[in-house]
Amino acid sequence: MNAYAGLDPCVHCGFCLQSCPTYLATGDESDGPRGRIVLMQALRGHRLDPTDTKLAYHLDRCLGCRACEPVCPSGVAYGPALEQARSELANIRPIPLAARVVNRVMSERLLRRAVFQVAKAVRPVASDLAGQSRIGFALGMLAATKFEPGNRRPAVGPRTMGELADVESASEPQAIVFRGCIMDELFSHVHAATERTLRTNGIATGEAPGQSCCGALHAHSGQHEAAVRLARKNVAAFAETSSATIVVNSAGCGAMLKEYGSLLSGDPLEASARRLASRVRDVTEVLAERGPRRGAPLHITVAYDPPCHLLHAQRVDDAPRKVLEAVPELEQLQHLEADMCCGSAGSYSLTEPDMSREILSRKIQAIREVAPNVVATGNPGCVMQIGAGLAAEGLEVPVVHPLEILDWSYRKAGFYARETKRS
């Protein structure tokens, strides 16, 4: 499948420019969607040598946030074309070392577990060492992976949650939570909150053994074959749960899983991949359709920051806000940079650290202006990036998944029978 065909509708109107964080940062046409489309079309037509360093420079600097797609009046499919271009460039020159290391760790379970065991050992002291330096920022990202009430942060929720008091029995699970890689290792508490809130809303959950990393990081950085291998593993893992909804609490993973049909186009597993993709839903979509059940009041202000791959790639906007509306007395605040990328973009914050921090600075300033008690966002990279940015500025504001807030409310309402320790 030639993804470059998705660029053909472009009429170079420029409506996309003001939605592009890198264009707003540099003012350079080649750092905007329109300019990058011209570059990719030149690459496609062999009018530009793939070894051209300027070509790689401007395509590497793209966040892949896909904010240009919803505002495009012609319906240009920018994201798939960018992935194809990066895949072609990866055959010419190696992708950045940082991206290669991250992708390798995420795709190999034993290596991933070893690395994250070390990270979890460091995490309790990471917030004390967070700061503006490169190392300080990295520690701030690690500290943000788990909100610890009382540890330099306002105590807005319980540290541990309990099991459900009123789980409805079901012979077959209605939902299987996609566990992924970094979510399963550093955000297992979000998986636990996801399962509890689903069951509180009458949705029985189950497991799909053999799951793997979704492959999003690999696809975005140009490692197409690695992404395909991981997709095949997940298609096989979920083949035995064909009647259950695949519930995802990571926006990047959800967008990737929904595109498995295209990723495996022409593959013997294409039909199975398309069936899997049709079953994928963000957890907030599932809960918003159910109501969801209202919990106990939480007297907090929350700034919801939509992840790019939920808002732009999956076009899910209202569902997370409806989930937060199920918490009485909670006040949602809107900041001016909510629909702009935070600069995380997978491994972008490692491969393009200066641009990443410049983009993040606008969002941190916007959050500072509305002064929330909590920031909520539904993607691990966004939690880490925004959390580190706030910590670097000395702002003690926790960044959590929207489901964690609903979970706090349900815990306070007494929907859970007993407290248990969670990792």
Side-chain angles (χ1 to χ4, degrees), residues 1-50 52 54-91 215-216 219-222 224 227-228 231 251-252 254-267 270 273-274 277-278 280 306-318 339-341 345-346 348:
M1 180 178 179
N2 189 345
Y4 288 139
L7 303 178
D8 291 342
C10 180
V11 296
H12 308 291
C13 64
F15 284 175
C16 57
L17 295 179
Q18 293 305 309
S19 70
C20 177
T22 53
Y23 176 79
L24 294 176
T26 68
D28 187 336
E29 179 77 19
S30 296
D31 280 333
R34 182 169 63 179
R36 291 186 177 115
I37 287 172
V38 171
L39 292 174
M40 286 189 281
Q41 288 175 329
L43 177 64
R44 172 194 189 186
H46 307 290
R47 299 187 303 276
L48 193 59
D49 193 304
D52 189 306
K54 291 184 178 179
L55 168 68
Y57 177 76
H58 291 296
L59 293 187
D60 284 348
R61 278 158 65 96
C62 180
L63 292 149
C65 68
R66 299 174 67 168
C68 53
E69 293 185 359
V71 300
C72 177
S74 302
V76 171
Y78 178 89
L82 176 68
E83 289 185 5
Q84 180 167 338
R86 285 179 169 171
S87 179
E88 292 181 12
L89 293 182
N91 294 326
H220 299 336
S221 60
H224 177 77
V228 168
M256 188 72 218
L257 292 170
K258 288 180 179 180
E259 294 176 357
Y260 268 10
S262 298
L263 179 67
L264 295 184
S265 178
D267 190 276
E270 179 182 353
R274 293 191 182 280
S278 69
V280 176
C308 294
H309 278 80
L310 188 62
L311 179 63
H312 306 312
Q314 298 184 59
R315 311 294 172 91
V316 175
D317 186 12
D318 291 337
D339 60 347
M340 298 297 284
C341 185
Y348 188 93

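No experiment lies behind these values; they were computed from the predicted model shown. FYI, the numbering just counts along the sequence from 1.
Here the side chains of S30 and R36 are not in contact, with every heavy-atom distance at 4.5 Å or above. Contact check for L311 versus V316: no side-chain heavy atoms found under the 4.5 Å cut-off. You'll find the side chain of P73 reaches within 4.5 Å of the side chain of F15, heavy atoms only.
A pairwise comparison of heavy atoms in K258 and V280 identifies CE-O, 3.4 Å as the closest pair. When all heavy atoms are compared, the tightest approach of L17 to P33 is CD2-CD, 4.2 Å. For D31 against C20, the heavy-atom pair with the smallest separation is O-SG, 3.5 Å. Minimum heavy-atom separation, A277 to L257: CB-O, 3.4 Å. V71 approaches S19 most closely through the heavy-atom pair CG2-OG, 3.7 Å. The two residues A251 and Q314 have their closest heavy-atom pair at O-NE2, 3.0 Å.
Separation of atoms CE (M256) and OG (S262) is listed at 9.0 Å; rounding is to 0.5 Å. Atom-to-atom distance recorded for L89:CG and S221:OG is 12.0 Å, nearest 0.5 angstrom. Separating the CG atom in L55 from the CG atom in D52 is a distance of 6.0 Å, to the nearest 0.5 Å. With values rounded to the nearest 0.5 angstrom, L43 atom CG is found 11.0 Å from Q41 atom CD. The CZ atom of R86 sits 6.5 Å away from atom CG of D60, with the distance rounded to the nearest 0.5 Å.
The salt bridge (Lys or Arg N to Asp or Glu O under 4.0 Å) analysis of residues 11-30, with sequence neighbours excluded, yields the pairs E29-R34. Listed by first then second residue, pairs satisfying side chain to side chain donor-acceptor pair (under 3.5 Å) with a partner in residues 65-80 read R66-E69, R66-E259, not counting sequence neighbours.
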- In sequence, state the C-alpha distance, the side-chain angles, and the governing distance for H224 and L263, and then conclude on side chain to side chain contact (heavy atoms under 4.5 Å, CB included). CA-CA 8 Å; H224 177 77; L263 179 67; 3.7 Å; yes
- Query: Stepwise, does the side chain to side chain contact (heavy atoms under 4.5 Å, CB included) test hold for V76 with C68?
  - Reply: CA-CA 9 Å; V76 171; C68 53; over 6 Å; no
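Y260 pairs by the side chain to side chain donor-acceptor pair (under 3.5 Å) definition with N234, not counting sequence neighbours. For the side chain to side chain donor-acceptor pair (under 3.5 Å) test, residues two or more places apart in sequence or in another chain that qualify with D49 are T51. Partners of H312 according to the ring pair (Phe, Tyr, Trp, His ring centres under 6.0 Å) rule, which considers only residues two or more places apart in sequence or in another chain, do not exist here.
Among P306, P21, C65, C308, the single residue meeting the side chain to side chain contact (heavy atoms under 4.5 Å, CB included) criterion with M340 is P21.
If you check the side chains of H220 and E83, you find a donor sitting under 3.5 Å from an acceptor.
Without hydrogens or angle criteria, T26 side chain to T22 main chain gives a donor-acceptor distance under 3.5 Å.
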Show the atom names and distances, to 0.1 Å, of all donor-acceptor pairs under 3.5 Å that link a side chain in residues 3-12 to residues at least two apart or in another chain.
{"from": "Y4", "atom 1": "OH", "to": "E88", "atom 2": "OE1", "distance (Å)": "3.2"}
{"from": "Y4", "atom 1": "OH", "to": "E88", "atom 2": "OE2", "distance (Å)": "3.4"}
{"from": "D8", "atom 1": "OD1", "to": "R44", "atom 2": "NH1", "distance (Å)": "2.6"}

